[in-house]
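Just follow the structure's listing: the first ligand is 1, and inside any ligand the first atom is 1.
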Amino acid sequence: MNKAFFFFLILFSSAVFGQEIIPKPLSFQKGEGRFELTPQTTIVVAEENQNLRAIAVSLQKSVMTTVGLPMKIEKEGKENVFIFSLNSDLAEEAYAVQVSKEKVVLSASSEKGFFYAYQTLLQLFDARIFSDFLIKGLQLSLPVCLIKDEPRFGYRGMMLDVGRHMMPVSFIKKYIDLLAMYKFNQFHWHLTEDQGWRIEIKKYPKLTEIGAYRKETPLGHDSENKGDRKPYGGFYTQEEVKEIVAYASSKYINVIPEIEMPGHAVAALASYPEFGCTGGPYEVRTRWGVAEDVYCPYDKTFEFLEDVLTEVMDLFPSEYIHIGGDECPKDSWEASEFCQDLIKAEGLKDEHELQSYFITRIDKFITSKGRKLIGWDEILEGGLSPNATVMSWRGTQGGIEAARQKHDVIMSPNSFHYLDYYQGDPATEPLAIGGFLPLEKVYSYEPLAEELTEDEKKYILGVQANLWTEYIPTPEKVEYMLFPRALAVAETGWSAEGSKDYKEFENRVKAHFERLKVLNVNYAESIYNIKSDIRTTSEGMLKVYLSNIEADPIIRYTLDGTEPNVGSALYEAEKGIDITQKTRVRAVLFDKEGKSYANQYMTELRVNKATGKPYVYRSAKTRYTGGTDYALTDGKVGTEKDMQAWVGLNEGKLDLTLDLQNKIKVTDLSIGFLHAVDSWIMFPANLKVSTSNNGTKFKEISRQGFNKGELRGKLVERVKVDLKGKKVRYIKIEADRHGKLPDWHAGAGSNAWLFVDEIEVN
Ligand code: ACM
């Protein structure tokens, strides 16, 4: 630290964290007063450096556009200036911003560092600095402060899938701008899919003539198996790709192309059927999910893939090249004589080792060109190729395993970083693929798993969030799904270990909504959603408590299924809402002027003899995806859309005893199960119900078996059991999980989840 810097630090004795910067910087010290921009303010760039000058021009343009000040760029100047000051002591991505009343000093050792300093500077200004027109009466100034900053991780990425839905070049640039604003440095561009090949390859024109177009797109959820009958397609020319790569580079973002193999290749096979095991014909896929048809490991297939990768590597200077590797069903390899012979000839054990053989061959090729292969965590199956970097998506386990094997890892677990999942109550959110990842959950992710040793942790290069676009057809919806959750990912990737504080982050996010609004970003306001806390009373009734992030929200509600309006009942926090029978609760948030927000709340509650009654699990290995202690008797019924209400198990069996607390007359019991095989959830194999009066001696009342092993769609079924009007106190419910996912499933061999919700007794 140089002396002037040190002196400056002493001046700033108050360490108030009064800033709104995202991602949160390493240190921020606020001083007194402000630096005011005037017509005489200049920017000083002493170095002859085009890129530094470009950053200065960018600053100049923003200020000129917003407030009309000229901000000349000079070689020297001492007061009323922005100074770009080289400090070779700082690490490549580190920077400092030092604002006093007289000047603003940006320090860094690299252009990239200055770029991040500039991004931070923009966030210190009034949000309207991002405006693209003149704002009358706006006086720009900056708070006197000292910021020292550097990232926690070197890899901070965001993936966009353009295979399912293509986004225009202009939007890809906006997306890159937004990533840059939050100091991401990697854009992972998922370019090829079963439903569309999106990059021009000169040597194989049919990839885009045929592979870039599909006959139709699923209408509604894939499980409904309906199409919209509208042809869909498009691709990026090599010129457009170059333009995007150069644009990203100007924002210090590296673009990692993903060319999927051996699975997710149907669009390529439709174009060149000779690379599939059956020879086709194949059709560009019109449904989401996972296809059985994959590349066949012929020599000619490898020649094709190497040709494709050669053109791709010419377009993308990225050291990393992503080759997919996920969700590759082995059916076509099992049925292929060629594959079976190859397995024998190469001394491989099975099709999983054949997948490893496939990836290793591609890895050798990529490595020979001086690049590095990245693949999804399935590339661990059958043995990891020597130079591979693993992108952990099926939770964190693949990443942990790869780090233990001393391979580099990027953490993008679906349990925290799949931004195509719902971010609020699915009943009130636009259609999404499923899942539930509200902002707080995304923010809670810690990439360095506790079970790793300090040495193993060094292999975790950083984090990434993924945006799969099955249910995201437009740029507006991309923005909705990304923002504000991308801000949480940015902070996980950048900010110092242990520095996260959700409540404080949430306040900064609210301030960023102003910036995103000026930038015309369609961010989601789901953090303002009304939340419910449903409690059971000793009388077997329900009490619903509503809240949102505001301290004193104005909430109005109805209990008759109609949409609440400004005249509906006003919610009173101290009273809650009493529910004594089957009721649909709807609630809406209002502002002080009586204007309603879009964030509705809706739930259906069923009060019955089991409501609020306790139950005890005997299955020690049970795991839950959601729900409270009363999840199964809280009156809230799990539906296909509302995944939060369900309790999930993927080990052991369901085995519980419900205590009705008194011996009472019961006529029937019903219990719901979900089958959603795409989400690895399967109907149970059976259900057994027994009753007892003392809790120790049980009498079996009903035993039934189910076989929904071949059912590929989605369904919720409530199984009813006749309790014959008997007087009982305890009801034992047992159900075996389906077991393993079936052979045809992408997750074949893994445990199927059992999802259960709401036990009703009448
Ligand atoms: C993936 O989500 N299949 C990587």
Side-chain angles (χ1 to χ4, degrees), residues 155 157-165 186-196 198 222 256-268 285 287-295 320-330 352 355 358-359 362 373-381 384 388-402 409-422 432-437 442 445 462-472 478 481-482 485 489 676-681 741 744-750 753:
Y155 186 108
M158 186 64 76
M159 185 281 275
L160 181 65
D161 160 24
V162 292
R164 273 55 175 263
H165 284 106
Q186 306 289 338
F187 166 34
H188 168 178
W189 201 7
H190 182 84
L191 285 161
T192 70
E193 256 308 333
D194 294 321
Q195 295 84 3
R198 304 278 174 238
D222 201 34
I256 300 174
E258 181 180 353
I259 305 296
E260 270 268 14
M261 62 190 80
H264 287 285
V266 176
R285 205 169 147 87
R287 293 293 181 270
W288 311 132
V290 174
E292 279 175 22
D293 292 313
V294 302
Y295 287 121
Y320 288 118
I321 303 293
H322 203 305
I323 54 75
D326 61 318
E327 299 181 318
C328 177
K330 308 297 184 293
H352 291 288
Q355 152 122 349
F358 198 113
I359 303 295
I362 293 293
L373 175 145
I374 304 188
W376 300 109
D377 58 55
E378 283 94 332
I379 66 170
L380 280 150
E381 289 167 15
L384 205 44
T389 295
V390 172
M391 199 168 258
S392 189
W393 76 275
R394 293 175 302 175
T396 55
Q397 212 46 48
I400 291 169
E401 182 51 38
V409 172
I410 290 139
M411 284 295 197
S412 66
N414 58 354
S415 40
F416 293 92
H417 278 182
Y418 265 41
L419 304 189
D420 56 333
Y421 290 5
Y422 283 107
I433 195 162
F436 185 61
L437 287 179
V442 177
Y445 181 52
V463 293
Q464 178 171 297
N466 297 327
L467 199 69
W468 300 103
T469 58
E470 285 95 333
Y471 298 93
I472 308 182
V478 168
M481 299 308 277
L482 278 181
R485 291 183 294 180
V489 179
V677 77
D678 284 351
S679 306
W680 302 37
I681 301 163
L741 290 162
W744 51 263
H745 196 279
S750 298
W753 283 85

Asks: Among Tyr320, Trp393, Trp376, exactly one meets ring-ring contact (aromatic ring centres under 6.0 Å, His included) together with His188. Which residue is that?
Replies: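 The single option meeting the ring-ring contact (aromatic ring centres under 6.0 Å, His included) with His188 is Trp376.
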Asks: Contact residues of ligand 1 with a heavy-atom cut-off of under 4.0 Å?
Replies: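 Residues near ligand 1: Asp326, Glu327, Trp376, Trp393, Tyr418, Trp468.
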Asks: Does Thr469 use its side chain to pair, donor to acceptor, with the backbone of Asp161 at less than 3.5 Å?
Replies: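 Indeed, once roles are kept as given, a pair shorter than 3.5 Å links the two residues.
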Asks: Only counting residues at least two apart or in another chain, list the ones meeting side-chain contact (heavy atoms from CB on, under 4.5 Å) with Ala291.
Replies: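 Ala291 satisfies side-chain contact (heavy atoms from CB on, under 4.5 Å) with Asp194, Val266, Arg285 once adjacent residues are dropped.
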Asks: Short question: side chain of Asp420, backbone of Leu467 - any donor-acceptor pair under 3.5 Å?
Replies: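 Checking the backbone N and O of Leu467 against the side chain of Asp420, no donor-acceptor pair under 3.5 Å is found.
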Asks: By side-chain contact (heavy atoms from CB on, under 4.5 Å), which residues pair with Thr396, not counting sequence neighbours?
Replies: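 Here the qualifying residues are Ile400, Met411, Pro413, Tyr445.
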Asks: Taking ring-ring contact (aromatic ring centres under 6.0 Å, His included) as the test, write out the residues that go with His264, two or more places apart.
Replies: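 Here no residue qualifies.
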